[in-house]
Amino acid sequence: MTAKLNYDVLVIGSGAAGLTLALHLASDLRVAVLSKGQLSEGSTFWAQGGVAAVLDDSDTVDAHVQDTLVAGAGLCHEEAVRQIVGDSRDAIGWLVGQGVPFTRERREDGSETDDFHLTREGGHSHRRIIHAADATGAAIFNTLLRRAQEHSNIELLQDRVAVDLITRSKLGLDGDNRCLGAYVLNRQTGSVETFAARFTVLATGGASKVYLYTSNPDSASGDGIAMAWRAGCRVANMEFNQFHPTCLYHPKAKSFLVTEALRGEGAVLKLPDGTRFMPRFDQRAELAPRDIVARAIDHEMKRLGLDCVYLDITHKPADFIRSHFPTVYERCLQFGMDITREAIPVVPAAHYTCGGVMVDENGHTDVPGLYAIGETSFTGLHGANRMASNSLLECIVYGRAASRDILANLDQAQSSADLPAWDESRVTDSDEDVIISHNWDELRRFMWDYVGIVRTTKRLQRAKHRVDMLLAEIHEFYSNYTVTRDLLELRNLAVVADLIIRSAMLRKESRGLHYTLDYPAQADEPVDTILQPPSAGD
């Protein structure tokens, strides 16, 4: 008999957005927060940068808004940008109140002042990035997690993988298509549990694991986007995926980013024969913006059939390298590479999903009772290219906004404790798990080759053909075998890959992060790419 659980609010995802919302609701409501593995598995924990906010007297909301609009290449929704930036000071104040140890200015004697240290990143016209050294995400996550653990109304559940949302339409009920909860795989017991909730919140992060190379943890498989799509939600601007130019290329290195600061201190990009190539692409060479550097690396890799290129800083003194880049030095040393003596193998890596589930100013989706916050959502903030450190701000602001909306609409939702249990009567355990791993690898490789940094219509058509076949295979597998985390993530990745490909095929221009050789010019009118789902009961 599978378990049936009942909460006021079900939060799927345990990062900054989900924990912020839970903490704002827990005084009034019972909240469950689910994590696919360990609670720290999401992207928040690994965020190195900071939070963009208007905190200095010389800075203004208008300046932050304008910087964001420029970075977004004409596709940002100014009202949403203004809402998020306008709430930035209060959002930071709340984080400080929770105890997040942001870095402070220091006096000459080394003692801390009361003022926070603000740094500046690409695209920002002012110093407005508040941070906790170079591990801001971990500082925010650890602080919010401690607060959540202290609260009796918040239940934190690990090893829970959401299978699908439960809606009235899927159950064949009349009336609106309200979300009633979710079916969730308990990885410890192997059974699927039924979670009933008055409100359900998707805070599942992005979908960068759809690509062969990514800076994201394994959990970034687009689960919330895929589940929302299947439940009847529109998605927007899925073609815009931000790529970081330099991720360490090594079979065991997984998601390690090689900081842009190396290029800032004189590191140069080279081909395997030692030839430098960036000056051919931009007069700023290695100091060109991220998207230009990523496209140049991608071009050379495709032109020459390379697995990677090389980032070389060996011309600098060894002591300088070790003192300025201790983390990169130590990490590369673990893989047998001494960066004081040899170049670092690097590839661009999928980094951030700028599109997602369409929501209003409160994080509410097209489905009543269902919210989406953080990277899984499309708010209009990022447009065609995300500006650095706006993402964590969006998580906090929308976590707070969604909590206020839920509290204002409590009278509209009663929990349905009598939801049907998950039906496992017609499935068997699979002895063909190799199919899952093979399809996983095939999907991520053709997405990298055909729907990556530089696209063409022919590449997109090839990708669409392959994803259609994969979707059919995965559907058959899903229908006949017991669900596992790997199968559920593959199913969701294939759905998200299809949404990315379809969105990219619809955009007949190059704008921001979407660059196609067949339409290199930017269209006169910026238009969002919006995909309408099939009926929720399909």
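Keep in mind that this is a model prediction, so the values were computed, not measured.
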_Could you go through T167 and N177, starting from their C-alpha distance and side-chain angles, then the distance that decides it, and tell me whether this counts as side chain to side chain donor-acceptor pair (under 3.5 Å)?_
CA-CA 6 Å; T167 64; N177 184 34; 3.1 Å; yes
Assess the side chains of [X] and [Y]: does a donor N or O sit below 3.5 Å from an acceptor N or O?
| X | Y | result |
| --- | --- | --- |
| Y352 | H382 | yes |
| S221 | K36 | yes |
| H514 | N241 | no |
| T529 | E239 | yes |

May I ask you to decide if [Y]'s main-chain N or O and [X]'s side chain share a donor-acceptor pair within less than 3.5 Å?
| X | Y | answer |
| --- | --- | --- |
| R263 | E286 | yes |
| S88 | V54 | yes |
| D360 | H364 | yes |
| R444 | L212 | yes |

*Can you check side chain to side chain contact (heavy atoms under 4.5 Å, CB included) on V33 and L157, steps first, answer last?*
CA-CA 6 Å; V33 178; L157 300 170; over 6 Å; no
For the student: nearest non-hydrogen atoms of [X] and [Y], plus distance:
| X | Y | result |
| --- | --- | --- |
| H77 | T379 | ND1-O, 4.3 Å |
| I339 | V328 | CD1-CG1, 4.1 Å |
| R107 | E112 | NH1-O, 2.7 Å |
| M238 | S503 | CB-OG, 3.7 Å |

_Heavy-atom side-chain proximity of F199 to Q412 below 4.5 angstrom_ =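 No; the side chains remain at least 4.5 Å from each other.
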*Does D218 pair with K209 as a salt bridge, N-O distance under 4.0 Å?*
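The answer is yes: the pair qualifies as a salt bridge.
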*Let me see the working for E79 and R82 under salt bridge (Lys or Arg N to Asp or Glu O under 4.0 Å), right down to the final yes or no.*
CA-CA 5 Å; E79 286 185 12; R82 201 163 285 281; over 6 Å; no
_Point-to-point distance, once rounded to the nearest 0.5 Å, from CG of L10 to CG of L370_ =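 Nearest 0.5 Å value for the CG-CG distance: 10.0 Å.
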Do other residues, nucleotides or ligands put more than 12 heavy atoms under 6.0 Å from [X] [atom1]?
| X | atom1 | answer |
| --- | --- | --- |
| D57 | CG | no |
| D109 | CG | yes |
| Q149 | CD | yes |

*Name the orientation class of the two ring planes belonging to F243 and Y211 (parallel below 30°, tilted from 30 to 60°, perpendicular beyond 60°).*
perpendicular
Output a table of donor-acceptor pairs, distance under 3.5 Å, between side-chain atoms of residues 398-405 and any protein atom two or more places apart or on a different chain; print 'none' if there are none.
unit_1: S403; atom_1: OG; unit_2: R400; atom_2: O; d: 2.6
unit_1: D405; atom_1: OD1; unit_2: N362; atom_2: ND2; d: 3.3
unit_1: D405; atom_1: OD2; unit_2: Y371; atom_2: OH; d: 2.7

*Name all residues meeting the salt bridge (charged side-chain N to carboxylate O under 4.0 Å, His left out) criterion together with R234; count only those two or more places apart in sequence or in a different chain, and write none if there are none.*
D366
_Using the side-chain contact (heavy atoms from CB on, under 4.5 Å) definition, which of the options V100, D56, L55 pairs with I130?_
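One option only clears the test, and that one is L55.
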*Report the C-alpha separation of W440 and E489 in whole Å, then their side-chain angles, then the decisive distance to 0.1 Å, and conclude whether the side chain to side chain contact (heavy atoms under 4.5 Å, CB included) test is met.*
CA-CA 9 Å; W440 175 278; E489 289 184 330; 3.9 Å; yes
*asked:* I'd like to know whether D164 forms a salt bridge (Lys or Arg N to Asp or Glu O under 4.0 Å) with R230, so could you lay out the CA-CA distance, the side-chain angles of the two residues, the decisive distance to 0.1 Å, and finally the verdict.
replied: CA-CA 8 Å; D164 251 331; R230 289 193 293 264; 2.9 Å; yes
